[in-house]
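To start, the structure itself, in structure tokens.
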Amino acid sequence: MYSGKDQSDFGSSDYALFREFLERACGIVLGDNKNYLIDSRLRKLLKENGINSLSELVRKIDRFSASGLRQQVIDAMTTNETLWFRDRHPFIYLQEHILPELAKKPGEIAIWCAACSTGQEPYSISICVEELRKKNFSLVNKPVRILATDISAKVLDQAKAGVYESLALKRGMSQERLDQHFGKEVEGAWTIKPDIKRRIDFRPINLKDSVLNVGRFDVVFCRNVLIYFSSDLQRQIIGNIHRVLNPGGYLFLGGSEAPKGLNDLFDIHYYTPGVVYIKK
């Protein structure tokens, strides 16, 4: 059984094998000397499953098609750092400029929130829609569909529940919005209201895979996830997003993300203090 010793237990061959598995499974590229990260995130899982090494873990997943164990490893290794209205300006631009413009066009408005984690981003988008409905008559009866996806089944379950502790809500949620869009639960937890929740479809998707079956979109949020992938996979994902965006559709990326090849597929539109990419 895994001894629980420090990260030096992971030899170079074990580490290389696990890095290869992780990139193959979900596209995440681990840098050199990240033994401490693996140790902190997998220590408990290895011990619970009586696994002594990373190579044994990979062999067990591959040999026995252990989908449950595979998903647990992916859940443990994916970063799910998020908060409400993260960076603020993309949501302001969405609410004040993009949604009013899309409201003038026929048909539904479709938004895809990729790598949605525990739900803060898609719920933030839905709150923007709900608030704008009260100000913009053309949006009152306009159908809005939000697809929220993530590779981690664990965080998707949390997102679907729509229940958040007070500490999590303090990370970006104003008291005014909290009172308006949440109902209080027992023991200090709050639940998102049905009007915000009902327009969101939560679904497991691996961004490495084809996304042609997810539909067409006017807006895609794919923020702060590409940084974990290789440059080749970044280009592949951007190409996939471009194919499912409607003509003139909008793409929001993280502030530090600027994959190669963007200029071939998108026009760059600067707004203070951010940037949005518009499909050519």
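Residues take their numbers from the sequence shown, with the count starting at 1.
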Donor-acceptor pair, side chain of R171 and main chain of L83, under 3.5 angstrom: no

Applying side-chain contact (heavy atoms from CB on, under 4.5 Å) to Y164 and Q120, what does each step give before you reach the verdict? CA-CA 10 Å; Y164 298 91; Q120 282 88 333; 3.9 Å; yes

d(I74 CD1, I151 CD1) to nearest 0.5 Å is 4.5 Å

Ignoring hydrogens, what is the shortest heavy-atom contact between S138 and A103? Give both atom names and the distance. OG-CB, 3.5 Å

Does one hydrophobic cluster hold both L57 and L30, with members joined at side-chain heavy-atom distances below 4.5 Å? yes

Measuring only between side-chain heavy atoms, which start at C-beta, is R177 closer than 4.5 Å to E131? yes

Step-by-step side-chain contact (heavy atoms from CB on, under 4.5 Å) determination, M77 to L42: CA-CA 8 Å; M77 292 304 301; L42 295 185; 4.0 Å; yes

Would you indicate whether the side-chain heavy atoms of V220 and L245 approach each other to under 4.5 Å? yes

Has the side chain of R203 got a donor or acceptor atom that lies under 3.5 Å from a matching backbone atom of T149? no

Are L262 and Y270 connected in the hydrophobic side-chain network, where two residues link if heavy atoms are under 4.5 Å apart? yes

Is it the case that Q175 and D179 place a side-chain donor and acceptor less than 3.5 Å from each other? yes

Determine whether Q236 and D232 satisfy the following criterion, side chain to side chain donor-acceptor pair (under 3.5 Å), listing intermediate values before the conclusion. CA-CA 6 Å; Q236 177 186 321; D232 286 343; over 6 Å; no

Closer than 3.5 angstrom, by distance alone: can the side chain of Q158 be matched with the main-chain N or O of G119 as a donor-acceptor pair? no

Ignoring hydrogens, what is the shortest heavy-atom contact between G215 and V244? Give both atom names and the distance. O-CB, 3.5 Å

Contact check, side chains of N263 and I268, non-hydrogen atoms, under 4.5 Å: yes

In this structure, which one of W84, Y123, W190 forms a ring-ring contact (aromatic ring centres under 6.0 Å, His included) with F182? W84

For L69 and K60, the nearest pair of non-hydrogen atoms, with its separation, is CD2-CD, 3.9 Å

Could you tell me whether a side-chain N or O of T191 sits under 3.5 Å from a main-chain N or O of G183, the two making a donor and an acceptor? no

Consider only side-chain heavy atoms of I, L, V, M, F, W and Y, link residues closer than 4.5 Å, and tell whether I125 and I192 are in one cluster. yes

Distance check, rounded to the nearest 0.5 Å: R235 atom CZ versus L265 atom CG? 11.5 Å

Distance from L226 atom CG to Y228 atom OH, nearest 0.5 Å? 11.0 Å

Heavy-atom check, side chain of C128 versus side chain of F85, under 4.5 Å: yes

Please report the interatomic distance CG(L17) to CZ(R59), rounded to the nearest 0.5 Å. 8.0 Å

Do V73 and V225 share a hydrophobic cluster, counting only Ile, Leu, Val, Met, Phe, Trp and Tyr and linking them when any side-chain heavy atoms are less than 4.5 Å apart? yes

Is it true that atom CG of N213 has more than 12 heavy atoms of other residues, nucleotides or ligands lying nearer than 6.0 Å? yes

Grouping I, L, V, M, F, W and Y whenever their side-chain heavy atoms are under 4.5 Å apart, do L37 and L46 come out in a common cluster? yes

Compare every heavy atom of K280 with every heavy atom of D264, then report the nearest pair and how far apart it is. O-CD, 3.9 Å

Kindly say whether A25 contributes a backbone atom to a donor-acceptor pair with the side chain of N206 at under 3.5 angstrom? yes

Taking the side chain as every heavy atom from C-beta outward, state whether D209 and N240 have any pair of such atoms under 4.5 Å apart. no

Option passing salt bridge (charged side-chain N to carboxylate O under 4.0 Å, His left out) with E108 (candidates K142, R199, R216, R145): R145

Could you walk me through whether I238 and Y277 pass the side-chain contact (heavy atoms from CB on, under 4.5 Å) check? CA-CA 11 Å; I238 290 297; Y277 301 90; over 6 Å; no

Is the closest side-chain heavy-atom distance between D218 and K105 below 4.5 Å? no

With side-chain contact (heavy atoms from CB on, under 4.5 Å) as the criterion, how do L139 and I109 come out once you've worked through the C-alpha distance, each side chain's angles and the decisive distance to 0.1 Å? CA-CA 10 Å; L139 202 64; I109 296 172; 3.7 Å; yes

Check the surroundings of atom NZ in K154: do more than 12 heavy atoms from other residues, nucleotides or ligands lie under 6.0 Å from it? no

Is there side-chain contact between V58 and E20, with at least one heavy-atom pair below 4.5 Å? no

Report yes or no: does E23 contribute a side-chain atom to a donor-acceptor pair with the main-chain N or O of V29 at less than 3.5 Å? no

Between H269 and Y93, is a ring pair (Phe, Tyr, Trp, His ring centres under 6.0 Å) present by the stated rule, with each step listed? CA-CA 11 Å; H269 174 70; Y93 193 79; 5.8 Å; yes

Which heavy atom of G255 sits nearest a heavy atom of N224, and at what distance? N-OD1, 4.3 Å

With rounding to the nearest 0.5 angstrom, report the CD to OH distance, E101 to Y250. 6.0 Å

Check: L251 main-chain N/O paired with K279 side-chain donor or acceptor under 3.5 Å: no

For residues P100 and L132, report the shortest heavy-atom separation together with the two atoms involved. CD-CD2, 3.8 Å

To the nearest 0.5 Å, atom SG of C116 lies from atom CD1 of I200 at 8.5 Å

So, the side chain of S40 versus the backbone of Y36: is there a donor-acceptor pair under 3.5 Å, distance only? yes

Under 3.5 Å: donor-acceptor pair, side chain of D267, backbone of I278: no

Non-hydrogen side-chain atoms of L102 and V219 separated by less than 4.5 Å: yes

